[in-house]
Amino acid sequence: MNALSPKRSARERWAAGLFWSWNVIFLAFMALGFAPRMLPLLYESLQNNLVPAVYLIYALVLTFIPVAVVLLGLTVLRGAPARLFALG
């Protein structure tokens with residue numbers, strides 16, 4: 001085993017695989033489905049006083065959660081599969 005590239009256990013590979021597969025799917029759903037479809041309609045409904053402003057805030061938070069989690073996974077938690085899994 002090389003000190004520069006340590007082998008990961010099966011548990012660590014599963015943890016990282018589950019985290020990344022779930023978050024890539026979630027990010028794709030939010031970025032390609034929910035956000036471009038629902039946020040403009042929600043904003044228009046807000047302007048017409050059909051929905052409260054808090055709904056738009058909730059939708060924006062839900063949209064940016066997967067972005068924030070993926071950024072955390074790519075930067076801070078990159079080499080810690082157990083912590084990635086716990087974040088997920």
Side-chain angles (χ1 to χ4, degrees):
M1 186 159 62
N2 191 349
L4 295 177
S5 63
K7 293 250 181 190
R8 288 191 173 168
S9 69
R11 175 180 267 173
E12 289 176 331
R13 287 193 307 268
W14 270 102
L18 285 172
F19 173 84
W20 286 112
S21 63
W22 165 255
N23 281 298
V24 166
I25 291 168
F26 191 32
L27 183 64
F29 171 76
M30 293 307 273
L32 302 174
F34 179 78
R37 243 179 185 202
M38 298 305 294
L39 289 179
L41 294 173
L42 195 55
Y43 182 71
E44 183 180 320
S45 298
L46 178 67
Q47 287 182 331
N48 294 330
N49 292 326
L50 297 174
V51 297
V54 73
Y55 285 5
L56 181 61
I57 294 168
Y58 289 151
L60 288 171
V61 168
L62 284 175
T63 301
F64 288 114
I65 285 174
V67 174
V69 168
V70 166
L71 288 175
L72 272 173
L74 287 173
T75 57
V76 177
L77 303 174
R78 185 176 195 141
R83 290 176 65 194
L84 281 174
F85 187 69
L87 177 64

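Taking each heavy atom of Leu46 and Leu56 in turn, the nearest pair found is CD2-CD2, 3.7 Å. Looking at every heavy atom in both residues, Leu42 comes nearest to Val51 through CD1-CG2, 3.9 Å. The heavy-atom pair separating Ala15 from Pro81 by the smallest distance is CB-O, 3.6 Å.
When the side chains of ILVMFWY residues are joined at heavy-atom separations under 4.5 Å, either directly or via intervening members, Leu72 and Val61 end up in a single hydrophobic cluster. Linking Ile, Leu, Val, Met, Phe, Trp and Tyr residues whenever their side-chain heavy atoms come within less than 4.5 Å leaves Leu50 and Leu41 in two separate clusters. Under the 4.5 Å side-chain contact rule for hydrophobic residues, Phe26 and Met38 share a cluster.
Rounded to the nearest 0.5 Å, atoms CD1 (Ile57) and CG (Leu62) are 12.0 Å apart. Here the straight-line distance linking atom CZ of Arg11 with atom CZ of Phe85 works out to 9.5 Å at 0.5 Å rounding. Note that CZ of Phe64 is 9.5 Å distant from CE of Met30, once rounded to the nearest 0.5 Å.
A 4.5 Å side-chain heavy-atom check between Phe34 and Thr63 finds at least one atom pair inside the cut-off. Contact check for Leu39 versus Tyr43: no side-chain heavy atoms found under the 4.5 Å cut-off. Here the side chains of Val76 and Leu71 are not in contact, with every heavy-atom distance at 4.5 Å or above. Leu74 places a side-chain heavy atom less than 4.5 Å from the side chain of Trp20. For the pair Phe19/Val69, a side-chain contact is recorded, criterion being any heavy-atom separation below 4.5 Å from C-beta on.
Considering Ile65, Leu27, Thr75, Val24 in turn, Leu27 is the only one that fulfils the side-chain contact (heavy atoms from CB on, under 4.5 Å) rule with Val70.
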